[in-house]
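A short worksheet on the structure shown next.
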Number of protein chains: 2
Amino acid sequence: MSRQTVSNAINNPDLLRADTLARVRDAIEVLDYTPNQAARHLRTRSSHLIGMRLAPVQEFTASATTDRFVHALVEASREAGYHVLLFSGGRVAEGERPDPLGGYDDLLRSTSVDAFVVTDTYLGNPQTVGLTLRRAPFVAFGRPWDDAGAAHPWVDVDGAAGVQAATEHLRERGHERIAWIGWQPGSRIGEDRRAGWHRTMATHGLSTTGLEAAVDDTVDAGREAAAALLAASGPTAFVCASDTLAVGVLHALGERGLAPGRDVAVVGFDDSQVAQVMGLTSVRQPLEEVAVQLVAALQALLSPGHVTAPGVLLEPRLEVRRSTTGEY
Amino acid sequence: MSRQTVSNAINNPDLLRADTLARVRDAIEVLDYTPNQAARHLRTRSSHLIGMRLAPVQEFTASATTDRFVHALVEASREAGYHVLLFSGGRVAEGERPDPLGGYDDLLRSTSVDAFVVTDTYLGNPQTVGLTLRRAPFVAFGRPWDDAGAAHPWVDVDGAAGVQAATEHLRERGHERIAWIGWQPGSRIGEDRRAGWHRTMATHGLSTTGLEAAVDDTVDAGREAAAALLAASGPTAFVCASDTLAVGVLHALGERGLAPGRDVAVVGFDDSQVAQVMGLTSVRQPLEEVAVQLVAALQALLSPGHVTAPGVLLEPRLEVRRSTTGEY
DNA sequence: CTGAAAGCGCTAACAA
DNA sequence: TTGTTAGCGCTTTCAG
């Protein structure tokens, strides 16, 4: 039997007669044969590898997105027959800005990966532009905020809807003075999340004046903002743009002897481990679903004669915990 | 000029005359040439890929090791000319035990990776046994607890020393009734960490009776254990086997109106994001250094005529925060 | 020090 | 439906 028949048995089983196929499969079993990926890769020009650049670790933050997302991506890729290749943008010298395309080009040109998953699109996604120019296949986790006509597939989570759900939850529990602690202007994600709060307040005819702070994404900034808001306008509930800020609010409450959920309600964003162990109500992004959709988009993208997939916007879910219910 | 000269220019530059080398390098620059990895991989039978299996995500835990370690490994690998290939053990059916070798075999046999980094050696490391049998090159993050004669290179962090540092720190601050909240017996890592507490107490002639609890690694278990110990023997400080347990202690203190660091001191283990944002003193593993050592061991292992590298044991560092000092 | 020949293991295209 | 031919792009011999 020729090697070609074996190749067909593996890649195009329906080309073989049933009994031939069975014979090949038996032989594969007996000989414990595994195809050599390198040779296949060289021949087919496809590595079945998805590249993903890891952003630098954020310490002293409550964010937990990366870890969960990487897991989800690995799992989703596996089911689609891909593996995930991680790389970093390289060490960034003090005071220098990281190269937005660092690491991508080499991997692609050396045919090490078939495509990329781009995750840090919040920076006005310079790399999507670059990748587009170089015609690298990629899908993005994150909307092309500034470019409605962007041609690449993307998947994102509707932050505004998540914050809206959080605000509605607080409204249902009787809160009317619901404060927002968000980020400094300039972040599209931050503006999106804030919009969810603002429009929900408007819907219910609730005033937002004096109930808002825009600060850096640190625990201390959240704590100070909460302290100032508590002193100035006495909100009974806080919705925050991140778990990090929400933890700051928890600290501010603790310093004043206020019990989260009983005296003042707090909601965070991202459902980080911090939220989970501290009993913080938080908006949880469906990262598993994001990964599945991204891989699906990638497969479509890599298929011959693919149609340009539109973007996908997923709804997050509110994880209700003690910090808004007061119940253990 | 023959292609061979180009190959040499890239892989064995010292074989060429200086001017030839320069000419080749110019041409590479001008033509924007990048070697095809697949072809190189096929020819040299080395993919320059390190495989690492991702353990399932632990939710509702304060652990943060994976994320930081993966980052560190990617960075260390990059500097050594490797990339990290992530894979999962596959979905585990309800009630079934995960296949300890799931995913490894295929990757190795198909020559997709050169070697593995094995991280989940705490389970009595069945996969190190399996990998040894199959003669797969690998290095382990974690000691071969049960097999002193294990032949593979490993790197680990001295948990006992970390807990010792934590206990000494508390002793220096005047604490004498220092309690330990650890895990159920059976975990070597847990026993190791506990030993650090026990021996430090003995060194200072402090009694340990009634100051110890062994529970599951959950926030609630930590909270209940702390409550029971506080009621029974009134410790003034707690050292915990994990940040998760330490968070439980923080909850128990909060319920009793006790201020962490001022009334009762608390130390965790792992320096998770939770510890960082909650101001929890914690033992931090030097994961960056672990990754560097692992990659170095891997390179030695893959070099022809390598010597069997011994294990490396690294010292963790205590991150002192509010939960033991009381100071903001 | 440089060049020519051979082949890594596989699969797309074609021929039988 | 199966077998034959050719070649993916590189590097390890070995000869000039």
Side-chain angles (χ1 to χ4, degrees), chain A residues 1-49 81-83 85 105-115 136-137 302-305, chain B residues 1-49 81-83 85 105-115 136-137 302-305:
Chain A
M1 170 174 325
S2 84
R3 58 210 263 193
Q4 186 49 39
T5 308
V6 179
S7 176
N8 280 335
I10 293 169
N11 300 307
N12 303 76
D14 22 326
L15 287 182
L16 301 202
R17 222 174 30 220
D19 64 320
T20 321
L21 185 59
R23 266 199 317 142
V24 176
R25 293 216 163 127
D26 280 353
I28 287 178
E29 187 79 21
V30 171
L31 300 174
D32 204 21
Y33 167 80
T34 314
N36 180 315
Q37 288 306 324
R40 172 179 273 178
H41 177 179
L42 175 61
R43 186 66 240 236
T44 62
R45 338 200 113 266
S46 120
S47 61
H48 277 236
L49 249 36
Y82 284 82
H83 284 288
L85 178 75
D105 214 34
D106 290 342
L107 279 177
L108 186 74
R109 299 249 320 279
S110 64
T111 69
S112 296
V113 301
D114 290 351
L302 295 175
S303 303
Chain B
M1 170 176 320
S2 83
R3 56 209 263 191
Q4 185 45 40
T5 309
V6 179
S7 176
N8 279 335
I10 293 171
N11 301 307
N12 302 76
D14 23 324
L15 287 182
L16 300 203
R17 222 172 31 219
D19 65 319
T20 321
L21 186 58
R23 259 191 332 132
V24 176
R25 292 217 164 127
D26 280 355
I28 287 179
E29 189 78 22
V30 171
L31 300 173
D32 204 21
Y33 168 79
T34 314
N36 180 314
Q37 289 305 325
R40 173 178 272 177
H41 176 179
L42 174 60
R43 186 66 239 237
T44 62
R45 338 199 114 265
S46 118
S47 61
H48 277 235
L49 250 35
Y82 284 83
H83 283 288
L85 178 76
D105 213 35
D106 290 341
L107 278 176
L108 186 74
R109 300 250 319 279
S110 64
T111 69
S112 296
V113 301
D114 290 351
L302 294 176
S303 303

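First the proteins, then the strands, lettered A, B, ... as listed; each starts at 1.
When the side-chain nitrogen and oxygen atoms of A/T5 are compared with OP1 and OP2 of D/dG3, one or more of them lie within a distance under 4.0 Å. Contact between the side-chain N/O atoms of A/T20 and the OP1/OP2 oxygens of D/dT1 is not found at any separation under 4.0 Å. For C/dT11, the OP1/OP2 oxygens have a side-chain nitrogen or oxygen of A/R40 closer than 4.0 Å. At D/dT12, none of the side-chain N or O atoms of B/T44 fall inside 4.0 Å of OP1 or OP2 (strictly under the cut-off).
A donor-acceptor pair under 3.5 Å is formed between the side chain of B/S47 and the backbone N or O of B/S112.
Distance from the side chain of B/R17 is smallest to C/dT2 among C/dT11, C/dT2, D/dG9. Comparing D/dT12, D/dG9, C/dA12 by their nearest atom to the side chain of A/R43 picks out C/dA12.
Atom CG in A/N36 sits about 18 Å away from atom P in C/dG7, given to the nearest Å. Whole-Å rounding puts the B/Y33 OH to D/dG9 C1' distance at 7 Å. Rounded to an integer number of Å, the gap from B/I10 CD1 to D/dT11 P is 6 Å. Between B/N12 atom CG and C/dG3 atom P there is a gap of 16 Å when expressed in whole angstrom units. One interatomic measurement links the two molecules: CG of A/L42 to P of D/dG7, which rounds to 14 Å at whole-angstrom precision. If you measure from atom CG of B/N8 to atom C1' of D/dC14, you get 13 Å, rounded to the nearest angstrom. Atom NE2 of B/H48 and atom P of D/dT11 are 11 Å apart (whole Å).
Residues A/N11 and A/R40 have side chains in contact (heavy-atom distance under 4.5 Å, counting atoms from C-beta outward). Residues B/L16 and B/R25 are not in side-chain contact: their nearest non-hydrogen atoms beyond the backbone lie 4.5 Å or more apart. Between A/H83 and B/L107, the closest side-chain pair of non-hydrogen atoms falls below 4.5 Å.
Once rounded to the nearest 0.5 Å, the distance linking OG1 of B/T5 with CD1 of B/I10 reads 11.0 Å.
B/N11 comes within 4.0 angstrom of sugar-phosphate atoms only, judged by non-hydrogen atoms across all strands, and of no base. Residue contacts for B/L16: at a heavy-atom cut-off of 4.0 Å it reaches the sugar-phosphate backbone alone, with no base atom in range.
Map B/A39 and B/D19 each onto its nearest nucleotide of DNA chain C; the residue landing nearer the 5' end is B/D19.
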